[in-house]
Amino acid sequence: MHNRASLGLALAIMALTAYGIFSALAWPLKAKLFPLVISIPLFLLAAAEAAWVIFGKDAPAESVEAEGIPRNIAMRRTWIAVAWALGFFVLIMLVGFLIAVPAMVFLYLRVQSNEGWLFSIVFTAAVWGLFYGLFDLLLHLPFPAGWLLSSLGLG
Amino acid sequence: MLDAFIQGLLLVVQWKAFAFMLLGIGVGFWVGLLPGLGGATTLALMLPFVYNMQPVEAFAFLLGMHSVVATTGDITSVLFGVPGEATTAAIILDGHAMAKKGEAGRALGAALGSSLVGALIGAAALALAIPIVRPLVLTFGSPELFMLAIVGLAFIASLSAEGARGMARGFLAGGLGLFLAMIGQDPQAGIARFTLDSMYLWQGLDIVPVLVGLFAIPEIVELVVRGTSIAGNVAPGSIRHGALEGVKDVFRNFWLTLRCGLIGTFIGITPGLGGSVAQWMAYGHATQSARNSEERKRFGEGDVRGVIGPGAACNSKEGGALIPTIAFGVPGSTSMAILLGGFFLLGLVPGPDMLTTHLTVTFSMVWTIVLANVITVLVCFLLLNRLTSLTAVPGHLLVPVILVLVFIGSYTSNSSYADILVTLIFGAVGYFMVIAKWPRAPLVLGLVLGKIAENYLYISVARYDAAWLKRPVVVALLIVAVAVVLYPAFQAWRGRKKASAHA
Amino acid sequence: MKLTRFFAAALAAIPMAAAAQNFAGKTVTIVVGYKPGGGYDATARLLARHLPKHIPGKPTVIVQNMPGGNSIVAANHVYNVAKPDGLTIATFNRNLPIAQLTKVEGVKFDMTKFAWIGSAANEATILAIRSDLPYKTFADLRKAKEPIVIGSTGPGANTYDFPLLLKDLVGVNFKIVSGYSSSADIMLAVERKEADGRAGSLTSLRTFIDRGLVHPVIRARAMQPGLENLPVDEDLAPNARAKAIMALRSAPEQVARPYVMPPGTPADIVKTMRTAFAKAIDDPALKAEEKKAKMDLDFTDGDKAVAILRDVLNQPKDIVDEFSKYVKFGE
């Protein structure tokens with residue numbers, strides 16, 4: 001697992017630096033000097049790491065998580081976490097922070113944590129109250145209404 | 001000068017000024033604690049209220065607020081693994097690791113203790129440096145600043161794991177950071193580099209969303225996976241005690257604390273490097289204090305020295321950053337820039353005057369920093385038990401709250417959704433780096449120092465052609481950089497020698 | 001604040017025209033295209049404090065920051081998204097007309113179509129040289145044998161563009177060294193004698209001039225009190241084209257703190273705002289604060305502002321092409 005992740009990162013860096021080198025060649029000298037000086041060695045180093053992983057004889061991969069959590073459960077939970085994070089992001093884009101925050105908190109408490117209705121509502125209200133009071137009322141930070149609401153004209 | 005020293009204290013302890021300082025501390029407490037409220041943003045927002053105050057009161061408020069942000073930012077970083085401030089990210093590495101082992105009390109004790117010591121060092125530096133400030137700052141020209149950036153980058157070696165493979169990965173992370181630093185419009189030819197035709201990337205990557213993503217997201221994932229509270233399966237009772245232990249750790253490692261405090265002050269004094277570098281260099285330096293490979297490997301898993309170093313440096317740099325602001329009218333950081341605005345509002349002209357005619361005001365600022373930090377640390381100690389018990393709260397209650405804080409934290413830096421996307425992307429990067437056992441600190445270091453190194457190199461060459469390489473401070477710094485890079489190898493060699501001597 | 005407005009709009013049914021002249025109970029938002037702490041932000045906040053009493057109904061005026069793309073993001077937002085109901089005002093980078101002119105990617109607005117309130121200040125750009133150098137006037141600079149080191153932040157900023165035009169069009173022996181993180185850092189370099197001078201707005205250089213560190217030697221077209229005796233760069237241009245290029249660079253400086261409302265805002269609202277701004281800028285309370293903050297506000301009416309910018313945007317293609325070789329859009 002360590003090695004696969006390492007390989008993945010190394011390959012990603014190779015791709016990134018290749019793009020970097022390719023773009024930089026078109027620029028005037030002063031603009032391209034540093035990017036090239038950084039990208040070329042970085043590309044080579046990443047290639048070396050990738051080669052090390054593929055051809056090296058390392059200790060067999062250890063289990064993903066310590067603390068005795070079986071691998072498949074760990075994987076499943078990781079995906080769940082990712083789903084919540086991405087879902088929250090999408091929710092914010094669609095309906096804006098002001099609705100997404102309490103929605104996500106409430107949903108998480110009910111669906112993921114299996115808390116009771118009353119607790120979920122109270123907790124959500126507290127979080128939302130603090131968030132709204134501090135960031136909106138006090139500091140006037142702009143929180144747009146989200147695409148869905150805007151396109152419906154409710155923004 | 002002694003006169004001004006005492007007068008300065010008297011100014012601060014007048015009722016009105018003191019009250020305003022307390023108010024500032026109250027505000028600053030929350031600003032540091034909550035990611036998303038940057039010290040700089042709130043300073044700017046508070047500035048208008050300051051209009052009707054007397055100079056000393058206004059500074060008591062502004063500085064009181066500003067001084068405590070670094071301390072309470074540490075709390076969020078240690079407890080939740082979310083950077084409370086951009087400048088308190090380094091402490092996550094070991095501080096949060098300690099919290100996960102149930103040692104939150106000790107970690108906080110160490111963080112608070114070292115913050116206080118650091119702040120005192122910074123304040124002392126401000127006071128003592130006053131006679132020599134001008135020549136000191138003027139010695140550091142662009143060539144020296146370039147070399148300093150190189151020294152900073154050299155710390156990548158210290159932040160990497162041992163062995164050739166460890167170094168390679170460290171430098172891969174660092175190199176990636178440097179590469180990412182190139183994104184944006186370059187100041188030599190005005191070309192938009194690597195911006196993918198996106199307006200957002202034009203001004204480069206903002207460090208806050210990157211930090212939040214890199215460090216906080218993997219922690220959130222881990223919380224969900226573990227399914228427990230932050231402190232894991234450690235009995236709740238045992239978490240709280242240990243704050244005193246943490247403070248004792250600060251004094252057990254006093255020389256380290258002192259050195260890191262000095263590093264922070266020094267970085268603060270040199271304008272142009274940016275404040276967030278101090279914490280990483282201090283962390284790197286703290287890892288150098290490991291006596292052998294075993295100890296070295298434990299950094300990142302909860303070594304208290306990894307808390308003390310950044311804790312001290314963060315606070316000491318604030319005192320240091322005041323120096324160029326007061327003496328030259330050149331702010332050492334963004335928040336100083338706003339403080340500078342406050343100066344003008346109050347009719348004070350930063351410059352040589354502040355060190356002569358208005359020396360008392362300058363000293364009152366020193367005292368404000370000292371008192372504000374003492375008070376904050378005391379208050380935090382009182383709240384310590386309550387704070388550490390947060391690590392016993394079940395994870396499934398904390399995760400939604402942390403998610404909200406993380407998303408708000410990255411959104412509010414620029415009021416841009418794109419920042420949240422950046423956080424998510426770097427969250428993925430951070431997650432994979434944790435799995436692949438690549439150190440993340442070098443990436444941050446590269447990102448922060450990349451542009452600075454490039455700019456100062458161009459300025460040095462344009463201005464001095466090749467002559468700048470011969471300047472004494474430049475040479476000295478180059479030697480330091482080489483030493484820093486070679487130190488881990490030296491440590492390993494020494495460890496092996498000892499092992500074979502015992503064999 | 002969108003949610004409140006949604007509910008308020010849903011519940012109330014006040015016709016737009018009646019609401020227009022009375023802002024009672026409403027909140028006017030000034031969107032600033034920069035992070036807090038800079039000059040545009042400080043000006044906006046100063047105005048926000050003094051505008052309410054000059055707007056009928058005394059609404060609350062708040063400031064929101066929307067940084068990004070050197071304020072192109074804010075301009076795009078107010079042009080395309082914000083409602084033309086008089087409750088949103090924008091202030092942004094004075095060089096946005098240049099961005100539009102040089103067809104910078106991502107520009108989604110037309111400067112002339114905004115509902116212009118006006119400009120809250122002129123910003124004179126000057127070049128200041130370190131006082132302990134033997135060059136006391138611009139004429140001395142032209143005769144200099146050694147290159148004069150001018151520190152700058154990067155292309156697109158007036159710290160770079162102004163001396164660049166003087167160097168390339170007038171032929172002064174400047175060595176422009178760029179990459180400094182901020183104009184304050186350049187001043188430190190000047191103190192260190194690493195740089196010999198810098199260009200910039202009078203406001204940002206004022207403390208250093210008062211302290212005696214630098215003195216101004218030449219200015220661009222926009223005027224501010226105290227600069228009467230300085231030569232103007234355009235007067236030294238060797239030919240009509242060079243003069244046009246310099247004029248193009250400095251035109252936005254006369255609309256240095258632009259304040260606009262979304263296109264389509266009713267004319268009476270615009271008029272109300274123009275009057276409010278003019279009165280606020282003349283307000284003694286504001287003037288007192290302004291003095292302390294060392295700012296210099298001066299209201300230029302929207303019509304005049306638009307005329308200046310229309311001029312900029314109507315330049316013939318060959319001049320624009322030539323101009324683009326020197327000046328890129330940046331800060």
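Chain letters run A, B, ... following the sequence lines, proteins first, then strands; residues in each count from 1. Note that the coordinates shown come from a computational prediction; the quantities given were computed from them, not determined experimentally.
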### Task
With side-chain contact (heavy atoms from CB on, under 4.5 Å) as the test, would you mind laying out the steps for B:K437 and A:S6 before giving the verdict?
CA-CA 8 Å; B:K437 299 212 168 155; A:S6 204; over 6 Å; no
#### Entry: A:F34 and B:Q188: CA distance, side-chain angles, deciding distance, side-chain contact (heavy atoms from CB on, under 4.5 Å) verdict
CA-CA 12 Å; A:F34 256 67; B:Q188 302 303 323; over 6 Å; no
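Side-chain contact between B:Y458 and A:L33 is present, with heavy atoms from C-beta onward closer than 4.5 Å. Under the 4.5 Å side-chain criterion, counting only non-hydrogen atoms from C-beta, B:F179 is not in contact with A:P35. Side-chain contact between A:F131 and B:V401 is absent, with no heavy atoms from C-beta onward closer than 4.5 Å. With contacts defined as side-chain heavy-atom distances shorter than 4.5 Å, the pair A:Y108/B:L397 does not qualify.
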Please table the atom pairs, donor to acceptor, closer than 3.5 Å between any side-chain atom in residues 82-89 of chain A and protein atoms at least two apart or in another chain.
from, atom 1, to, atom 2, distance (Å)
A:W84, NE1, A:Q112, OE1, 3.3

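Highest contact tally toward chain A, considering only B:I217, B:V404, B:I220, is held by B:V404 [criterion: heavy-atom pairs under 4.5 Å]. With respect to chain B, the highest number of heavy-atom pairs below 4.5 Å among A:P41, A:G20, A:A10, A:A46 belongs to A:G20. With chain A as the partner, the residue from B:G175, B:G174, B:P400 showing the most heavy-atom pairs under 4.5 Å is B:P400. The most heavy-atom pairs under 4.5 Å with chain A, out of B:V221, B:L172, B:I191, B:D186, come from B:L172. Of the residues considered (A:I92, A:L109, A:I80), A:I92 shows the highest number of contacts with chain B, using heavy-atom pairs under 4.5 Å.
The six-membered or imidazole ring of A:W27 lies near that of B:F194, with a centre-to-centre distance under 6.0 Å.
Separating the OG atom in A:S23 from the CZ atom in B:R193 is a distance of 11.5 Å, to the nearest 0.5 Å. Rounded to the nearest 0.5 Å, atoms CZ (B:F407) and CE (A:M104) are 7.5 Å apart.
Of all non-hydrogen atoms in A:K30 and B:E454, the two that sit nearest each other are O-OE2, 4.3 Å. Taking all atoms of both residues into account, the shortest heavy-atom contact from A:L42 to B:L176 is CD2-N, 3.8 Å. In plain terms, the two heavy atoms of A:R77 and B:V224 that are nearest each other are CD-O, 3.4 Å.
Only the side chain of A:I38 comes within contact range of chain B, with heavy atoms under 4.5 Å apart. Interface residue A:V127: only side-chain heavy atoms are found under 4.5 Å from chain B. Both the backbone and the side chain of A:L16 come within contact range of chain B, each with at least one heavy atom under 4.5 Å from a heavy atom of that chain. Looking at B:A168, the atoms closer than 4.5 Å to chain A (heavy atoms on both sides) sit in the backbone and in the side chain alike. Heavy-atom distances place both the backbone and the side chain of B:L403 under 4.5 Å from chain A. Using a 4.5 Å cut-off between heavy atoms, B:F171 contacts chain A through both its backbone and its side chain.
Counting non-hydrogen atoms of other residues, nucleotides and ligands closer than 6.0 Å to CZ of B:F432 gives a total of 12 or fewer.
Listed by chain and residue number, B:L457, B:W468 satisfy the side chain to side chain contact (heavy atoms under 4.5 Å, CB included) test with B:V461 (two or more places apart in sequence, or in another chain).
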